[in-house]
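First up is the structure itself, then whatever we jot down about it.
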Amino acid sequence: MLARLAADAALLHLTFIAFALFGSLLAFRWRWIPFVQLPAAIWGIFVELTGRLCPLTYLENHFRALAGQDGYSESFVEHYLIPVIYPSGLTRDIQFVLAVVVLAVNVAIYSALVWRNFRQTRH
């Protein structure tokens, strides 16, 4: 029972992915967010560019095995998201695109934040 709950808690992986991608929006409200969000975004970009599995995938599989459930051999993104978004499967090209998307979204949001702060200090 506890192992199953721990495995399901590892599905917070999706929350991490969303935070790495869009967490920079929170910096408009809280100035400390970049200190947490930028490392998350960098980690997400690194995992995608190097083709590695995120350690959260291993953690989830470990707890699923303890709960008597089947784990999965692919990444969290491949297992849960790619079948919905890219039914044909994850390729290295798609991983590069995902990395570029994370980078582009964060650069755009942080650029807007810097621009906003620059405008506020000039007035």
Side-chain angles (χ1 to χ4, degrees):
M1 174 76 170
L2 287 177
R4 169 73 194 267
L5 288 173
D8 290 343
L11 289 177
L12 292 173
H13 204 154
L14 182 57
T15 304
F16 177 83
I17 292 169
F19 182 68
L21 184 59
F22 297 113
S24 52
L25 289 170
L26 299 173
F28 283 96
R29 175 79 168 105
W30 297 291
R31 291 183 181 253
W32 57 266
I33 286 291
F35 296 107
V36 179
Q37 194 276 332
L38 282 172
I42 290 167
W43 175 255
I45 292 166
F46 172 75
V47 166
E48 291 302 332
L49 289 178
T50 61
R52 296 173 190 246
L53 290 181
C54 180
L56 293 173
T57 301
Y58 297 114
L59 183 65
E60 180 184 349
N61 282 331
H62 170 74
F63 286 119
R64 291 218 179 275
L66 288 177
Q69 298 177 328
D70 291 333
Y72 49 91
S73 60
E74 64 273 4
S75 73
F76 175 88
V77 172
E78 288 173 298
H79 187 74
Y80 289 108
L81 301 179
I82 295 300
V84 174
I85 301 169
Y86 303 103
S88 62
L90 183 67
T91 66
R92 289 297 293 143
D93 290 339
I94 292 171
Q95 285 185 296
F96 283 118
V97 169
L98 292 172
V100 169
V101 168
V102 172
L103 180 62
V105 167
N106 279 281
V107 165
I109 293 169
Y110 280 117
S111 294
L113 182 64
V114 167
W115 177 251
R116 185 186 86 167
N117 288 340
F118 174 74
R119 284 187 30 214
Q120 286 177 350
T121 58
R122 290 187 47 172
H123 291 116

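Throughout, numbering of the chain's residues begins at 1 and tracks the sequence. Keep in mind it's a predicted model, so treat the numbers as computed, not measured.
A cation-pi arrangement is found for Arg92 relative to Phe96, the charged atom lying closer than 6.0 Å to the ring centre and inside a 45° cone about the ring normal.
Under the 4.5 Å side-chain heavy-atom criterion for ILVMFWY residues, a single connected hydrophobic cluster contains both Val107 and Leu113.
Between the CD atom of Glu48 and the CD1 atom of Ile17 there is a distance of 8.0 Å, given to the nearest 0.5 Å.
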Please output the side-chain donor-acceptor pairs of residues 28-42 that fall under 3.5 Å, not counting sequence neighbours, one pair per line with the distance.
unit_1, atom_1, unit_2, atom_2, d
Gln37, OE1, Tyr110, OH, 2.8
Gln37, NE2, Phe19, O, 3.2
Gln37, NE2, Ala20, O, 2.9
Gln37, NE2, Asn106, OD1, 2.8

Enumerate donor-acceptor pairs with a distance under 3.5 Å from any side-chain N or O in residues 97-105 to protein atoms, sequence neighbours excluded.
none

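Applying the ring pair (Phe, Tyr, Trp, His ring centres under 6.0 Å) rule to Phe46 yields the partners Trp43; only residues at least two apart in sequence or on another chain are considered. By the side-chain hydrogen bond (donor to acceptor under 3.5 Å, both in side chains) test, Arg122 pairs with no residue at all, sequence neighbours left out. Take Thr121 and apply the side-chain hydrogen bond (donor to acceptor under 3.5 Å, both in side chains) test, not counting sequence neighbours, and it matches no residue.
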